[in-house]
Amino acid sequence: MALDKNGIAQRIAQELRDGWYVNLGIGIPTLVANYIPEGIAIEFQSENGILGMGPFPWEGEEDPDLINAGKQTITALPGAAYFDSAMSFGMIRAKKVQLTVLGAMEVSEYGDIANWKIPGKMVKGMGGAMDLVASAENIIVAMQHTNPRGESKLLSACTLPITGVRCVKKIVTDLAVLAIDQERGFVLLERAPGVSVEEIIAKTAGKIVMDGPVPEMFLPYSAS
Amino acid sequence: MALDKNGIAQRIAQELRDGWYVNLGIGIPTLVANYIPEGIAIEFQSENGILGMGPFPWEGEEDPDLINAGKQTITALPGAAYFDSAMSFGMIRAKKVQLTVLGAMEVSEYGDIANWKIPGKMVKGMGGAMDLVASAENIIVAMQHTNPRGESKLLSACTLPITGVRCVKKIVTDLAVLAIDQERGFVLLERAPGVSVEEIIAKTAGKIVMDGPVPEMFLPYSAS
Amino acid sequence: MIDKRVAHVDAALEGLEDGMTVLFGGFGLCGIPENTIAAVRSRGTKNLTCICNNAGVDGFGLGLLLETRQIKKMISSYVGENEEFERQMLSGELDVELIPQGTLAERCRAAGSGIPAFYTPAGYGTEVAEGKEIRVFHGKPHILEHAFDASFAFVKAWKGDASGNLVFKGTARNFNPLMAMAGKITVAEVEELVPVGALDPNNIHVPGIFVHRIFQGDRYEKRIENRTVRKRN
Amino acid sequence: MIDKRVAHVDAALEGLEDGMTVLFGGFGLCGIPENTIAAVRSRGTKNLTCICNNAGVDGFGLGLLLETRQIKKMISSYVGENEEFERQMLSGELDVELIPQGTLAERCRAAGSGIPAFYTPAGYGTEVAEGKEIRVFHGKPHILEHAFDASFAFVKAWKGDASGNLVFKGTARNFNPLMAMAGKITVAEVEELVPVGALDPNNIHVPGIFVHRIFQGDRYEKRIENRTVRKRN
């Protein structure tokens, strides 16, 4: 059974390690914050200028001067810090943020990512995505395995204008967890519960390899 | 009669204009702060990280966390701001400081300045001088006209390793006020009270020109 | 103390002319100079090139200057959420240059720091890098990017004093300090103009030297773009 | 909250090895990490390349590490006021690289901002520019300068919390925030370690993300190099 958005977020949350600073993109990545494993300390960075971002405010306590990069009202946890955009992207480029999770329209088997522009459609811009993918050493893409037309989003080469080259390290989709190996392509690491290796291979347009049997993901919460 | 240090400082203070931010170097330049013309507002920047520098503290009120670039204990005036060294030199390079006054060992007729190194002697370093002279649009040099051996410090070309090229705009010495004209050399603007044009010419090794008669400086306080 | 106060926003805009390049602080609708935007609209200055992370929304923020066709070109990192913007862009009335957000920030900071150019990895291998110098540092390709050159910067702070010192609140800081540093003439509007000496000199976000004109704004709307909340039980 | 506290300065120096390049905050004797310097001396780490604006004085500041010959090379902008330094430099025991103060600051800031290189006008036409790339921007020649690459940064703040947030006082700020940003491992000693939440998030000079280890120092001497006062009547 393919994972839903929360399942993808939950699986990504297993990648978190104690003491990491994490930047979560808009969409599925935001949900990762709901599944932080117990006993580890994580701080969230939002590139508009906050470290120590907390959950959404209680109704009625929204502060227009306190938003995240998705322009959502948020809160700040004790120990938080605000800073300007130059310092924010300074810490991103200087690799002080240990993990970046973001969505994508396409990922190539070399880890190229396309997630900002569709020729012929209104282009809203790359926001901070190009800085993030060019800088982060640990980038996980959270996305559906196929697009709404059923076409694979994991390709030999991106067809859309790219956001960054050879930067994605891991992909978590509704069907699978895959690593990028510059030599071999997509390395299939895990399957969603009940999803077959054959289905994943069929829905992956890029080169895909396996190192032995592919286990099912372990999702301690129900994947719904 | 040649000016003393306070006389030089006093003459330089006449160059100050309302609303200017000013960086004063160590030595004679520091004395300029004692002669700010009445009715104008000036703020002093010190490159170690303060705007709105005030006078020395009263005895017993020295704060080791509050010094100027000469490592002297100082005070901060209301409206002062502290900042880090990158921002400090940022505002210097970005030409937000309207006037820089500093000492020199030699100045060339093109406005090159040498004030940081004497080959064969212990070299203490350039500190912030190279950043200041490379950036400031308005640099006044405060110095003696000749060195202790009686040799002119105003030369056709500097003999010492230079601190910056073609940057000095004006020189105030114990004998004269001179401007730098890239085409013509030192332009003699004013004489110290009782000092003859002939003496100044005799003590200036670089090319020196005049645009008509050279008036005496006007020093409203006694020049002692 | 050098007094930067102007009595009214109109005086703060003196010298703003058609065709100029201007910086506007803010991220989305957070920390935008509301009073100044309204005054630029009243002034009717045209053909502006606006450097701002976003382009406002229909009827608010820079959307107000799009409505009146005062903007010739936008330099931004993200410009969604604005139908009039989209219409003008697709019809070719509005020129749009999209650049990475970190590069946008750093190009402001560079302008305010006398750094004419710097190298950044952001955008390497993408269309952002087209026509730009590429250089490899430590095995990694970087792009040469240049400081902005803008006539005016319009920023909004939480508190400020007559000498131009500024303090920001929360994430309303964003691009404001950088743009304040970058403007040839920097106009700061503040929610509260406090007496000189009231701000702690240790906690000044923008020293007054960067600010040329300051005034206390009024009637701040502070619209929220994306109201997200936790429901109380 | 990610806890950066270490119980003792010795734990803060774990991994410091002979031959490393390290940054030391401070300007003159103002804002120097006194406890850390003493601990580096006790540890006996040798052949250090120290990046610090100054080299301390005889018997205090980095002068303590010069006495014990732990420093192989100093990268500074100004190194006067130190006889032992002068002796080692003139005898060739100590290697010294002098660079403009603003360039020193910007190379730290660049390292902490992921900017590998930038252009500055400082030093053009002088021996500082020898062997470096020169490029003209807006008619003015500039020098290409590179970010520092240092294993450790040792800084001293006024206040800090367990998550590594730092606040500085007066001009003791100087190079400290920049070096904190630039270290691969940043060790901050603070005069007062305050509870998490006690610092105003609007007024953090160095966000904790840049700080890896923090401890409360003790017995600060805070020597004054140049005591200048106005006499009371």
Side-chain angles (χ1 to χ4, degrees), chain A residues 26 30 46-50 53 55-76 80 82-93 112-114 116-117 121-135 161-167, chain C residues 27-31 53-54 76-81 86 89-90 96 98-106 108-110 120-128 140-143 158 168-178 181 205-206 220-232:
Chain A
I26 298 168
T30 302
S46 194
E47 64 267 28
N48 59 315
I50 177 173
M53 179 166 57
F56 296 144
W58 295 111
E59 213 170 355
E61 294 181 1
E62 311 92 287
D63 179 352
D65 292 328
L66 190 42
I67 64 172
N68 64 17
K71 288 145 195 162
Q72 298 172 309
T73 43
I74 53 161
T75 54
Y82 307 121
F83 36 83
D84 66 47
S85 302
M87 179 174 270
S88 183
F89 283 94
M91 63 183 71
I92 287 168
R93 282 189 309 261
D112 295 351
I113 179 173
W116 78 284
K117 182 173 183 176
K121 287 204 181 178
M122 164 70 185
V123 182
K124 293 188 171 181
M126 67 291 282
M130 281 191 186
D131 308 272
L132 282 160
V133 300
S135 309
I162 63 170
T163 311
V165 290
R166 295 181 181 232
C167 52
Chain C
F27 182 97
L29 303 179
C30 182
N53 189 56
N54 315 90
S76 304
S77 84
Y78 191 83
V79 292
E81 282 69 82
E86 192 166 341
M89 177 171 157
L90 294 176
V96 178
L98 295 169
I99 61 179
Q101 195 173 129
T103 300
L104 180 66
E106 193 67 11
C108 293
R109 192 266 171 190
T120 174
Y124 170 72
T126 76
E127 55 183 67
V128 161
K140 187 172 173 172
H142 290 73
I143 303 174
W158 180 32
F168 302 88
K169 176 168 159 276
T171 58
R173 190 179 320 184
N174 56 64
F175 286 86
N176 280 299
L178 312 166
M181 291 167 67
H205 298 143
V206 175
Y220 283 102
E221 275 195 53
K222 293 197 183 185
R223 286 198 204 168
I224 291 175
E225 227 166 318
N226 250 329
R227 189 178 302 271
T228 46
V229 295
R230 279 179 289 170
K231 293 270 181 207
R232 292 175 196 277

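Below, chains carry the letters A, B, ... as their sequence lines are ordered, and counting in each starts from 1. Atom set for the values below is all heavy atoms of this structure, side chains included, hydrogens, waters and symmetry mates excluded. Quick caveat, the model's predicted, so the values are computed rather than measured.
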One thing to verify: whether [Y] and [X] come together as a salt bridge, which I'm taking to mean a side-chain N less than 4.0 angstrom from a carboxylate O.
| X | Y | value |
| --- | --- | --- |
| Arg227(C) | Glu62(A) | yes |
| Glu61(A) | Arg230(C) | no |
| Asp65(A) | Arg173(C) | no |

Options [options], ranked by heavy-atom pairs under 4.5 Å with chain A, top entry:
| options | result |
| --- | --- |
| Gly102(C), Ala105(C), Gly125(C) | Gly102(C) |
| Cys108(C), Gly123(C), Ala122(C) | Ala122(C) |
| Ser76(C), Pro177(C), Pro121(C), Gly31(C) | Pro121(C) |
| Thr126(C), Leu90(C), Val128(C), Leu29(C) | Thr126(C) |
| Thr120(C), Val79(C), Asn53(C), Thr171(C) | Thr171(C) |
| Leu98(C), Val96(C), Asn54(C), Thr103(C) | Leu98(C) |

Practice task
With the side chain counted from C-beta on, respond yes when Leu66(A) and Lys169(C) share a heavy-atom pair under 4.5 Å apart, and no when they do not.
Solution key: no
Could you tell me the separation between the [atom1] atom of [X] and the [atom2] atom of [Y], rounded to the nearest 0.5 Å?
| X | Y | atom1 | atom2 | answer |
| --- | --- | --- | --- | --- |
| Trp58(A) | Lys231(C) | CH2 | NZ | 12.0 Å |
| Ser77(C) | Glu47(A) | OG | CD | 9.0 Å |
| Ser85(A) | Leu104(C) | OG | CG | 8.0 Å |
| Thr228(C) | Ile74(A) | OG1 | CD1 | 8.5 Å |
| Tyr124(C) | Met130(A) | OH | CE | 13.5 Å |

Under 4.5 Å from any heavy atom of chain C - which part of [X]:
| X | value |
| --- | --- |
| Val123(A) | both |
| Asp112(A) | neither |
| Ala69(A) | both |
| Thr163(A) | backbone |

Handout entry: From CA spacing to verdict: side-chain contact (heavy atoms from CB on, under 4.5 Å), Arg93(A), Glu106(C)
Key = CA-CA 11 Å; Arg93(A) 282 189 309 261; Glu106(C) 193 67 11; 3.4 Å; yes
Practice task
Any chance you could lay out the side-chain contact (heavy atoms from CB on, under 4.5 Å) test for Glu127(C) and Lys117(A), step after step, and finish with the verdict?
Solution key: CA-CA 11 Å; Glu127(C) 55 183 67; Lys117(A) 182 173 183 176; 2.5 Å; yes
Option that, when pairs with chain C are counted at under 4.5 Å, heavy atom only, ranks first among [options]:
| options | answer |
| --- | --- |
| Ser135(A), Pro64(A), Ala80(A), Gly60(A) | Pro64(A) |
| Ser46(A), Pro55(A), Gly49(A) | Pro55(A) |
| Val165(A), Asn48(A), Leu132(A) | Asn48(A) |

Practice task
For the pair Lys140(C) (side chain) and Ala134(A) (backbone), establish whether a donor and an acceptor sit closer than 3.5 Å, ignoring hydrogens and angles.
Solution key: yes
Exercise for the section: Using modelled atom types only, decide if a donor and an acceptor are shared between the side chain of Asp84(A) and the backbone of Leu178(C) within a distance under 3.5 Å. Expected result: no
Handout entry: Step-by-step side-chain contact (heavy atoms from CB on, under 4.5 Å) determination, Arg109(C) to Phe89(A)
Key = CA-CA 12 Å; Arg109(C) 192 266 171 190; Phe89(A) 283 94; over 6 Å; no
Exercise for the section: Could you please spell out the steps behind the side-chain contact (heavy atoms from CB on, under 4.5 Å) verdict for Gln72(A) and Glu225(C)? Expected result: CA-CA 7 Å; Gln72(A) 298 172 309; Glu225(C) 227 166 318; over 6 Å; no
Handout entry: Minimum heavy-atom distance Asn226(C)-Gly70(A), with the two atoms named
Key = ND2-O, 2.9 Å
